[in-house]
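The block underneath contains the structure these notes are about, expressed in structure tokens.
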Amino acid sequence: MIEHPEDQLSAYLDDELNAEERQRVEDHIEECESCQALLEDLLVMQSELAQTFRQIQEPAHLEVRVLQSISEEKIPTAAEKGWAFGFLMMVLTFGIFWFLSGSVLVKLIHGLLKLTAAMVYAASHFILSVPVLTGLTVVLSSVILAVSAYSLRRLLQTTAN
Amino acid sequence: MVDEELNHIIHRARRGDKEAFAQLVNRYKGHVYRYAAGMLGDRMDAEDVSQEAFIKVYYSLSGLDNEYAFSSWIIRIVSNLCKDRLKKRAKEQRLRDEPDEAIADRHLPDPLEKLSIEEAMARLTVDHREILLLHEVQGYRYEEIADILEVPLGTVKSRLFAARMALRKELGKEDRG
């Protein structure tokens with residue numbers, strides 16, 4: 001059975017064989033009609049393929065569109081840079097404000113806390129000094145406690161169901 | 001002489017000269033567009049991808065090591081973009097269609113159907129289409145193709161042969177004994 005060097009035919013067509021391989025293929029083609037026909041087919045196909053794609057016209061003003069897209073893409077970049085700069089400036093302004101007013105703010109919070117503690121202390125003293133108010137507070141606290149306990153129980157029961 | 005002129009244009013474009021870059025696009029748009037049209041089988045998609053490729057070239061021109069390898073570098077860029085688009089298309093197709101209809105490219109050729117070269121090309125695998133375009137349309141030598149595809153020279157040889165046989169089969173020319 002004759003061995004056809006078909007894969008070599010393709011490289012032979014492209015002139016990509018060394019002298020020895022080339023000679024071997026040429027010797028075979030001279031003897032083998034089927035390989036001659038295949039070579040002919042490949043040649044025709046090669047030229048048809050090149051011709052088909054040569055006829056495809058490239059878009060006329062592609063370079064204009066490409067340059068347009070590039071300049072359009074650059075605008076958001078500039079805007080982004082503007083945003084970043086604005087954000088940085090804002091952070092910087094807040095930073096400076098915080099640095100300058102920080103001590104005042106801390107003092108203010110500290111004062112408010114002290115005032116609240118003093119008011120709680122004064123209120124408890126006032127309640128204890130008036131017996132009626134003390135009794136009333138105790139009763140009111142008990143009622144609130146009972147209502148809370150009842151509603152909590154109800155809530156737990158509903159969740160379980 | 002032509003190469004010298006081209007290198008000068010590339011050199012200017014690398015320094016941000018927009019006029020030089022426009023010249024570069026003008027010179028290579030046919031090369032890029034025909035490749036994309038062959039790979040994607042759709043003119044609109046080919047135009048989109050070509051535009052995308054040149055924008056990418058514009059931003060990465062400074063990273064080009066060797067000005068002499070510009071042509072294969074740009075083909076590598078457009079090739080990657082085409083493959084990404086084909087993958088996206090296949091994914092969309094899978095989501096839309098029945099699983100067995102997703103590989104329409106692999107359908108057996110109808111012996112009575114006469115296909116045009118472009119239709120036959122569209123039925124080939126991506127690798128076969130790619131190598132045929134690089135060799136027959138773009139005119140690259142085996143060694144250059146091996147470099148673009150990053151495969152051994154032997155693979156280029158065997159893949160090109162297989163691609164030619166597959167195209168021949170699609171065109172219905174396989175009638176010898």
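Below, read A as the first sequence line, B as the second, and so on, with proteins coming before strands; counting in each chain starts at 1.
For chain A, no part of Tyr35(B) is nearby; none of its heavy atoms comes within less than 4.5 Å. Of the two parts of His31(B), neither the backbone nor the side chain holds a non-hydrogen atom closer than 4.5 Å to a non-hydrogen atom of chain A. Only the backbone of Gln57(A) comes within contact range of chain B, with heavy atoms under 4.5 Å apart. Using a 4.5 Å cut-off between heavy atoms, Leu62(A) touches chain B through backbone and side chain atoms alike. In this structure, chain A has a heavy atom under 4.5 Å from the side chain of Arg43(B), while its backbone stays farther away. Contacts of Leu49(A) with chain B are made by both backbone and side-chain atoms, with heavy-atom separations under 4.5 Å.
A 4.5 Å side-chain heavy-atom check between Phe54(B) and Ile70(A) finds every atom pair outside the cut-off. At a threshold of 4.5 Å between non-hydrogen side-chain atoms, the residues Leu167(B) and Gln46(A) do not count as touching.
When each of Glu136(B), Met121(B), Glu118(B) is tested with Thr52(A) by the rule side chain to side chain contact (heavy atoms under 4.5 Å, CB included), just one qualifies, namely Glu118(B).
Listed by sequence position, Lys157(B), Leu160(B), Phe161(B) are the residues of residues 150-162 of chain B in contact with chain A, using a 4.5 angstrom heavy-atom cutoff. Contacts from residues 13-25 of chain A to chain B, taken as heavy-atom pairs separated by less than 4.5 Å, involve Leu13(A), Asp14(A), Asp15(A), Glu16(A), Leu17(A), Glu21(A) in sequence order.
Within the model, atoms OG of Ser69(A) and OH of Tyr58(B) stand 12.0 Å from one another, a figure rounded to the nearest 0.5 Å. Here Glu19(B) contributes atom CD and Glu63(A) contributes atom CD; the two are 12.0 Å apart, rounded to the nearest 0.5 Å. Annotation: the span from Ile117(B) atom CD1 to Gln51(A) atom CD amounts to 9.5 Å, rounded to 0.5 Å.
When the side chains of ILVMFWY residues are joined at heavy-atom separations under 4.5 Å, either directly or via intervening members, Tyr142(B) and Leu43(A) end up in a single hydrophobic cluster. Transitive grouping of hydrophobic side chains (ILVMFWY, heavy atoms separated by less than 4.5 Å) brings Val91(A) and Phe94(A) into a common cluster. The same ILVMFWY cluster, assembled from side-chain heavy atoms under 4.5 Å apart, contains both Leu81(B) and Tyr59(B).
Environment of NZ in Lys83(B): crowded, with over 12 heavy atoms of neighbouring residues, nucleotides or ligands closer than 6.0 Å. For Glu40(A), the CD atom counts as loosely surrounded, since its 6.0 Å shell holds 12 or fewer non-hydrogen atoms of other residues, nucleotides or ligands. Counted within 6.0 Å of CD on Glu92(B), heavy atoms from surrounding residues, nucleotides or ligands total more than 12; the atom is thus considered enclosed.
Proximity of a side-chain donor or acceptor of Arg65(A) to a complementary backbone N or O of Gln51(B) within less than 3.5 Å is not detected. In this structure, Arg168(B) contributes its side chain and Asp41(A) its backbone to no donor-acceptor pair below 3.5 Å.
When all heavy atoms of Val137(B) and Phe53(A) are compared, the pair lying nearest together is CG1-CB, 3.6 Å. The shortest non-hydrogen separation linking Lys18(B) to Ser71(A) is NZ-CB, 4.4 Å. Between Ala60(A) and Lys29(B) the shortest heavy-atom distance is O-NZ, 2.6 Å.
In terms of non-hydrogen atom pairs under 4.5 Å with chain B, the most contact-rich of Ser47(A), Pro59(A), Ala11(A), Ala50(A) is Pro59(A). The residue among Leu42(A), Val66(A), Val64(A) with the most heavy atom pairs within less than 4.5 Å of chain B is Val66(A).
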